[in-house]
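Sequential numbering from 1 along the given sequence is applied to the chain's residues. Hydrogens, waters and symmetry mates play no part in the numbers below; they use all other heavy atoms, side chains included. Small disclaimer: the values here were computed from a predicted structure and weren't measured.
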Amino acid sequence: MNQGAAIKNEREAFPRVLVVSHNVFSETSSMGKTLYQFFEGWPKEKLAQLYLHTEMPTTHICERYFRITDFDVLHSFKRRGEPGKSLGAGDIREDLVSERVDEGAQAALYQWGRNRKPYMYLGRNLLWRLGKWYTQKLRDWVREFQPEVLFFASGDYSFAYRIALKIAEEFQLPLVTYVCDDYYICRRFSVSPLYYLYRRQFKSTFRKTAKRTASFVYICDPMKEDYNRLFGTQGMTLMTPSSFERIIPQKEERSVPVVSYVGSLGYDRWKVLAEVAKALRAIDSRQTLHVYTQDIKRAEKLTGLADGVEMHGAVNARQVEQILRSSDVMLHVESMDRIYRRRIKYSVSTKVADALASGTCLFAYGPEEIASIRYLSETKTACVATDQQELEPALREVLASSEKRMEYARRALEQSVERHDAVKNRERFRQLLYKASQKEREPHESTPD
């Protein structure tokens, strides 16, 4: 085979990928959407997903799933049979607005778990360590698929790392680990000794994963620089892509510009949005902040704290695009809370990519050290306010001038082509997984404490 043919074959090669993640592929929810965008266009027969939540698949991007939930593992202590369920094309629910189908006690338990207390981490990790999850049914499912590489979307629970490691080691699969948030470096003070026990266990598991990882994929350059230095790796930054058509939509001239927010209200974002709503009303008593979210409880807190907030509930991917394009200003906010600021230092919201590609002016409000705020500020792709004193003047400026909004939108589109083009990013991602599937990285002898 000549060199040209070899290069052509390498470019066209799609390895068989087993994705291990907490969340199922999705066109709307945070991690699920990121995974969807990474693998959009991947041959369905070369993609399978093991996920660890009660969610239901809603997209045919993948048609081979295996779901294991906390409740499955809990029931494994007292029931015969093997927990977990294989799902196929016939189980996919395209009619659902959200993948979340849990309700009642299950939904309440997951919501309670969002508090992320040390005893919750330890308890959940212990449940998965002692419970039955690595069953013959799961082994047969993996063996039937015959994966060539395992892609692990990591999080802050060590049991998921052990699942990825167990499968990678038994089936001799190269491991590619995606890190979209900082769980290793971030430290916080706690009076609870359980926190330090959890941290020690987690960091130990993370180091084992780093030794076994052929390549890391990071969400932003600051994270890549810090983690590469710590672990001696040469990971890739792959910012969240957007598949939006990059155009400046025609917008009618409104006396009261439409300001919208789409996404989660977690990490105290609801408090930050309340500040924005108050600033909008101070500028013009007619101004309304339109909020689209499935986070009902925090939405109620937000409307109770500030006037001029109109709640619209959950929306699907097509509706999100319509909202982005029809709004005059889209909001991106991050928590001002000292604890959350450390926790989300490297975070770049999945909504940022679509906002940059939408042709609509983006307004960002949050601490300057958080990666998404820093990124938007340095690239001048959004009007940015980093403290409460800047908030109202910055909002006033951008609301008063359609020319100023157009200027931000044009710069955002240029940046979107450079760093968030779905086709370019997917090709870089495909090449990385292809190379990983061909040869594993030798583990490093030393890793950081």
Side-chain angles (χ1 to χ4, degrees), residues 15 17-22 31 34-35 38 116 121 125 147-188 195-240 341-348 369-372 374-375 419 425 428-449:
V17 182
L18 171 59
V19 178
V20 176
S21 61
H22 278 277
M31 176 57 78
T34 298
L35 294 172
F38 281 167
R116 293 294 207 269
Y121 284 105
N125 288 334
E148 297 171 294
V149 61
L150 192 155
F151 180 76
F152 173 47
S154 66
D156 54 352
Y157 278 97
S158 57
F159 75 85
Y161 292 76
R162 289 195 294 269
I163 290 172
L165 284 172
K166 181 71 173 176
I167 295 172
E169 288 169 359
E170 176 160 333
F171 290 89
Q172 291 299 294
L173 299 174
L175 177 63
V176 175
T177 301
Y178 177 52
V179 187
C180 64
D181 226 330
D182 173 41
Y183 303 114
Y184 188 89
I185 298 174
C186 177
R187 297 175 181 176
R188 62 183 176 88
Y195 168 76
Y196 297 99
L197 176 59
Y198 148 71
R199 284 288 295 170
R200 185 172 66 183
Q201 291 179 352
F202 175 80
K203 293 183 75 172
S204 174
T205 306
F206 192 102
R207 288 194 294 268
K208 291 176 183 176
T209 307
K211 283 185 177 182
R212 187 65 173 70
T213 293
S215 182
F216 279 99
V217 178
Y218 301 107
I219 197 169
C220 63
D221 289 333
M223 174 178 280
K224 181 185 75 172
E225 293 160 6
D226 290 346
Y227 274 65
N228 280 358
R229 186 180 65 253
L230 280 170
F231 295 102
T233 62
Q234 294 299 317
M236 171 194 292
T237 297
L238 202 63
M239 302 196 78
T240 305
R341 286 164 74 153
R342 290 200 301 269
R343 196 173 299 175
I344 60 176
K345 177 182 176 182
Y346 298 103
S347 295
V348 180
E369 72 270 17
I370 293 177
S372 61
R374 176 177 160 187
Y375 173 60
R419 296 296 300 272
N425 282 10
R428 292 178 63 215
F429 182 64
R430 188 204 60 75
Q431 289 183 21
L432 180 142
L433 290 183
Y434 173 80
K435 290 174 182 175
S437 72
Q438 300 303 299
K439 184 180 179 181
E440 291 189 49
R441 177 177 69 86
E442 290 297 321
H444 290 270
E445 292 300 322
S446 60
T447 53
D449 293 328

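- Contact of the Thr209 side chain with the Tyr184 side chain is not registered, since no non-hydrogen atoms from C-beta on lie closer than 4.5 Å.
- Note: Asp182 CG to Arg342 CZ = 11.5 Å, rounded to the nearest 0.5 Å.
- Residues Ser21 and Ala153 approach most closely at CB-CB, 3.8 Å, considering heavy atoms.
- At least one side-chain heavy atom of Leu35 sits less than 4.5 Å from a side-chain heavy atom of Phe151.
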- Criterion side-chain contact (heavy atoms from CB on, under 4.5 Å) on Thr233 and Tyr218, from CA distance to verdict: CA-CA 12 Å; Thr233 62; Tyr218 301 107; 3.5 Å; yes
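- Glu169 CD to Ile167 CD1: the interatomic distance, rounded to the nearest 0.5 Å, is 11.0 Å.
- Remark: side-chain polar atoms of Thr205 are paired, donor with acceptor, to backbone N or O of Gln201 under 3.5 angstrom.
- Using a 4.5 Å cut-off on side-chain heavy atoms (C-beta onward), Val149 and Tyr434 make no contact.
- In this structure, Ile185 and Tyr346 approach most closely via the heavy-atom pair CD1-OH, 3.8 Å.
- In this structure, Phe231 has its ring center closer than 6.0 angstrom to the ring center of Phe206.
- Counting only heavy atoms from C-beta outward, the side chains of Arg162 and Asn125 approach each other to under 4.5 Å.
- Panel note: side chain Arg428, backbone Thr237; a donor-acceptor pair is recorded below 3.5 Å.
- The two atoms that bring Pro147 and Leu18 nearest to each other are CB-CB, 3.9 Å, heavy atoms only.
- Residue Lys345 qualifies as open at atom NZ: its count of foreign heavy atoms under 6.0 Å is 12 or below.
- Here the side chains of Arg229 and Asp226 are in contact, with some heavy-atom distance below 4.5 Å.
- Contact annotation: the side chain of Val19 never approaches that of Tyr178 to less than 4.5 Å [non-hydrogen atoms, C-beta and beyond].
- Pairing each heavy atom of Lys224 with each of Met236, the nearest pair is CD-C, 4.2 Å.
- Side-chain contact between Phe202 and Tyr183: present, with at least one pair of heavy atoms (C-beta onward) separated by less than 4.5 Å.
- Looking at heavy atoms from C-beta onward, Tyr121 lies out of side-chain contact with Tyr195 at the 4.5 angstrom threshold.
- A donor-acceptor pair under 3.5 Å is absent between the side-chain atoms of Asn425 and the main chain of Thr240, judged by distance alone.
- Rounding to the nearest 0.5 Å gives a distance of 9.0 Å between CZ of Arg419 and CG of Leu238.
- Distance check: Met223 CE to Ser347 OG gives 7.0 Å after rounding to the nearest 0.5 Å.
- Between Ile344 and Asp181 the shortest heavy-atom distance is CA-OD1, 4.1 Å.
- Minimum interatomic distance between Cys180 and Met31 (heavy atoms only, all atoms of both residues): SG-CE, 3.2 Å.
- Note that the NE2 atom of His22 and the CG atom of Asp156 stand 7.0 Å from one another [nearest 0.5 Å].
- In this structure, CG in Leu150 is found 9.0 Å from CZ in Arg212, a value given to the nearest 0.5 Å.
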